[in-house]
Protein chains: 2
Amino acid sequence: MKKKTTIYDIAKKLNITAATVSRALNGNSKISEATRKLVAETAKEMNYEQNKLAQALKSGKSYNVGVIVPRIDSNFFASIIRGIEEELYPQGYHVIICQTHDQEALETGNINSLLNAQVDGILMSVSNAKGDSDTSFNALLKKNVPLIFFDRKKEIKGISSVTIDDFKGAYEATKHLIDQGYRRIAHLSNDRSLLIFKNRYLGYRQAILDSGLEFDENLVIETHSKVLEGRKTMKKLLNFENRPDAIFSASDFTALGAIQEIKAHGLKIPEDISVVGFSNEPFTRFMELSITSVDQSPIEMGRLAAQVFLEEVNNDKRIKSEKQVVLTPELIIRKSSLKSQILDKA
Amino acid sequence: MKKKTTIYDIAKKLNITAATVSRALNGNSKISEATRKLVAETAKEMNYEQNKLAQALKSGKSYNVGVIVPRIDSNFFASIIRGIEEELYPQGYHVIICQTHDQEALETGNINSLLNAQVDGILMSVSNAKGDSDTSFNALLKKNVPLIFFDRKKEIKGISSVTIDDFKGAYEATKHLIDQGYRRIAHLSNDRSLLIFKNRYLGYRQAILDSGLEFDENLVIETHSKVLEGRKTMKKLLNFENRPDAIFSASDFTALGAIQEIKAHGLKIPEDISVVGFSNEPFTRFMELSITSVDQSPIEMGRLAAQVFLEEVNNDKRIKSEKQVVLTPELIIRKSSLKSQILDKA
DNA sequence: TATTTTTGTGTAATCGATTGCAGATTTGAT
DNA sequence: ATCAAATCTGCAATCGATTACACAAAAATA
């Protein structure tokens, strides 16, 4: 009732050795069909369940992987995790999820703690590009523990990653605004030491330059991916003597905040000001005024990250491959930017 | 570089025994201060990290707990998880998160798989009240693996739980609508074999009866916690010859769907129809038309569930306590139901 | 029938850390 | 100076499963 049955219990009952039981259970070819069947039946009878810990200790594989994300309560990260699970569960892996809440201390802390728990690998989206987290990453590399970046990566030699083409996503979003006739397009950016935000900035910038518009650095404001931050930032922008007529936000949350502020000022969207977000969070679709956004196919991203991980663990330890997978984003045009509904194709 | 250092390595280097190293590291009182310090330093030098697997095997504790939720991409569950983490991390535990996506097969599958991974306990929100999952739960009890229900519980003897008073939350929400002058209040329910939905239904019903209003079972419709389901259901309700003038939804998501549908029919909220949701998801606050909802203090719920778990694991195995913690919900009144803004206290 | 293969199991070491028991060394008491 | 008590360490077993190696029994070959 309390004690779990082990292979020794089975062995004793059948008057054989634990070794034989183990082999029988694992389908070792050197075991006779008779005993194999007998062991299997007895195991079932006695409610035997393999102790993964013992197996893990012996084999050095825990069949646990760590997933580190800034937070799980955004659809984007939740979906990535779902993708990872879909790919990893069938292979017998468990996923240990850690949140950093964008605090770097938690990031390195989580890595150490996951290593301590003997995870077979870590899939993560970095929180912070500054600081000394590189040290942790390199330590991982040295220990030969597979590390895969998804979405928010750092460029470190030897580490694989799965990302989307943020530059392209931003470029197309901005281009779309320009095509709709907007001329003063502001950009709600974010910590640009993170590649994703840097690339979104660059894509935005390039689209403006390519269209022969004037690029005004003052229209680029760095903020945080929160609704209230979006409001605050938008407030500033609205007070400009020459206020923007469109917003390309690197985050759906700040885009939402911006929209609230714009409305609070009595301005109309998209007639007066147009807004485009990034990530295609579900609420962008469900808002009364649906928000144009860039989809990042997060489930696919998760699946791919998991696949890269599987490749690496199953590989010979000697081979160190580095794989960079880049997904193509998709612009989803909705009401918040669709001027042409009214003006018809300009 | 590849091999991790073990206590044996430290022992060899210092010409002592692994036993001594182990004791020194664990602060055993029988070790001299001198060797304790020496071992500690050498351990640091050699980059020693305790192998949790070995320790787990020996001690029978993995310091992993399983958390099973229907999904993680709702703020409610994500917050509960955060609460659990906040409480458990400082104690050295890791959290393995599993999603059931409301499929019962996944639920029992997850339980088995977590047990297999030797988790020290399972905290969960049940997905489905039908089916034979009771068997799994009882199996857990027999194995003396702590099991804690949070939010969505099942009434099984010997299993602790942390929930909110759904009846009260629903009662107050409904009462609020009645106080605002609404008379035909519909209820968007959900699988009532789950206690939370049953209790929300009962609270709603009681509030109506207590106010002397007629209770009309036809105004109670069972649906699923999804935006689109909310729309569909609302569509039906709007076609009633005697349509409701208020909606109390057991879910914020269906409430959102209902709102969309109401607007699509050209009706005004809250003038024509009032809407109240449940869970206080962030979007209810951020909508242009903010949604009245019932807050469930999910972080607190998570923390409490974790605390109950800690009590149980730290208890003598012989003592089987059963603890039922019930939180009090809070009605957050917002635009979607605040008629008095216009009519002033009726 | 004698000998070589093949087939099926047992023996014992291993993964890394913990711990009861025993033995050694130091300290204190007389 | 002698013996008891206190303090520190080592020995070896243990947690449960895996696996190289050895060996016995059965089957195949000569």
Side-chain angles (χ1 to χ4, degrees), chain A residues 2-40 42-43 46-64 92 115-120 143-144 317, chain B residues 2-40 42-43 46-64 92 115-120 143-144 317:
Chain A
K2 51 274 321 233
K3 280 291 163 215
K4 288 175 189 162
T5 78
T6 72
I7 52 173
Y8 292 93
D9 302 325
I10 300 179
K12 199 180 300 172
K13 182 157 192 174
L14 295 180
N15 267 321
I16 54 177
T17 319
T20 306
V21 175
S22 172
R23 279 188 276 247
L25 255 22
N26 290 313
N28 183 305
S29 63
K30 296 292 179 187
I31 292 291
S32 72
E33 196 53 42
T35 47
R36 185 196 314 290
K37 205 168 274 178
L38 190 60
V39 168
T42 325
M46 301 180 71
N47 259 313
Y48 170 74
E49 278 169 19
Q50 190 194 44
N51 184 325
K52 291 267 182 191
L53 286 179
Q55 191 193 26
L57 177 59
K58 189 68 175 85
S59 68
K61 284 201 65 172
S62 68
Y63 276 96
N64 278 147
L115 281 178
N116 223 239
Q118 311 292 128
V119 293
D120 294 343
K143 292 188 183 176
N144 255 315
K317 301 258 169 60
Chain B
K2 50 275 321 234
K3 279 291 163 215
K4 290 176 189 160
T5 78
T6 73
I7 52 173
Y8 292 93
D9 301 325
I10 300 180
K12 200 179 300 171
K13 182 154 191 177
L14 295 180
N15 267 320
I16 53 178
T17 319
T20 307
V21 175
S22 171
R23 278 188 276 246
L25 256 22
N26 290 314
N28 184 304
S29 62
K30 297 292 178 189
I31 292 292
S32 70
E33 198 51 42
T35 47
R36 185 196 314 291
K37 205 168 274 178
L38 189 60
V39 168
T42 324
M46 301 180 70
N47 259 313
Y48 171 74
E49 279 168 18
Q50 191 195 44
N51 184 325
K52 291 267 183 191
L53 285 178
Q55 190 193 26
L57 176 59
K58 186 69 174 94
S59 69
K61 284 201 64 174
S62 67
Y63 276 96
N64 277 148
L115 281 178
N116 223 240
Q118 310 295 127
V119 293
D120 294 342
K143 292 188 182 176
N144 256 315
K317 301 258 168 62

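Throughout, a chain's letter reflects where its sequence line sits, starting with A, and its residues are numbered from 1.
Applying the 4.0 Å criterion to OP1 and OP2 of C:dG16, one finds that B:Q50 has every side-chain N and O outside that range. Neither OP1 nor OP2 of D:dC15 sits under 4.0 Å from any side-chain N or O of A:N51. Taking 4.0 angstrom as the limit, A:Y8 places none of its side-chain polar atoms (N or O) nearer than this to OP1 or OP2 of D:dT14.
For the atom pair B:E49 CD and B:N51 CG, the distance stands at 10.0 Å (nearest 0.5 Å). Between atom CD1 of residue B:I7 and atom CG of residue B:N26 there is a gap of 9.0 Å, rounded to the nearest 0.5 Å.
Distance, B:I7 CD1 to C:dC15 C1': 12 Å, rounded to whole Å. Going from atom NZ of B:K12 over to atom P of C:dG16 covers 11 Å, rounded to whole Å. As rounded to whole Å, 13 Å separates atom P of C:dT19 from atom NZ of B:K61. Rounded to whole Å, the distance from CG on A:N116 to C1' on C:dA17 is 13 Å. At whole-Å resolution of the value, CG in A:L57 and C1' in D:dG16 are 9 Å apart. One can place CG of B:L53 at 15 Å from C1' of D:dT18, the figure rounded to the nearest angstrom. Going from atom NZ of B:K58 over to atom C1' of C:dT18 covers 5 Å, rounded to whole Å. What separates NZ of A:K52 from P of D:dA17 is a distance of 12 Å, to the nearest Å.
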So if I define the base as every atom that isn't primed, P, OP1 or OP2, how would nucleotides 7-12 of chain D read as a B/S/- string at a heavy-atom cutoff under 4.0 Å?
-BBBBB
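Across all strands shown, A:T6 has heavy atoms under 4.0 Å from sugar-phosphate atoms exclusively, and none from any base.
Listed for the A:S62 side chain is a donor-acceptor partner under 3.5 Å among the backbone atoms of A:N64. Within the 3.5 Å criterion, the main-chain N or O of A:Y63 finds a donor-acceptor partner in the side chain of A:D120. Counting only distance, with no hydrogens or angles, the side chain of B:T6 and the backbone of B:Y8 share a donor-acceptor pair below 3.5 Å.
The only member of B:L14, B:D9, B:I10 that meets side-chain contact (heavy atoms from CB on, under 4.5 Å) when paired with B:V21 is B:I10.
Across every non-hydrogen atom of B:T5 and B:M46, the tightest pair is CG2-O, 3.1 Å.
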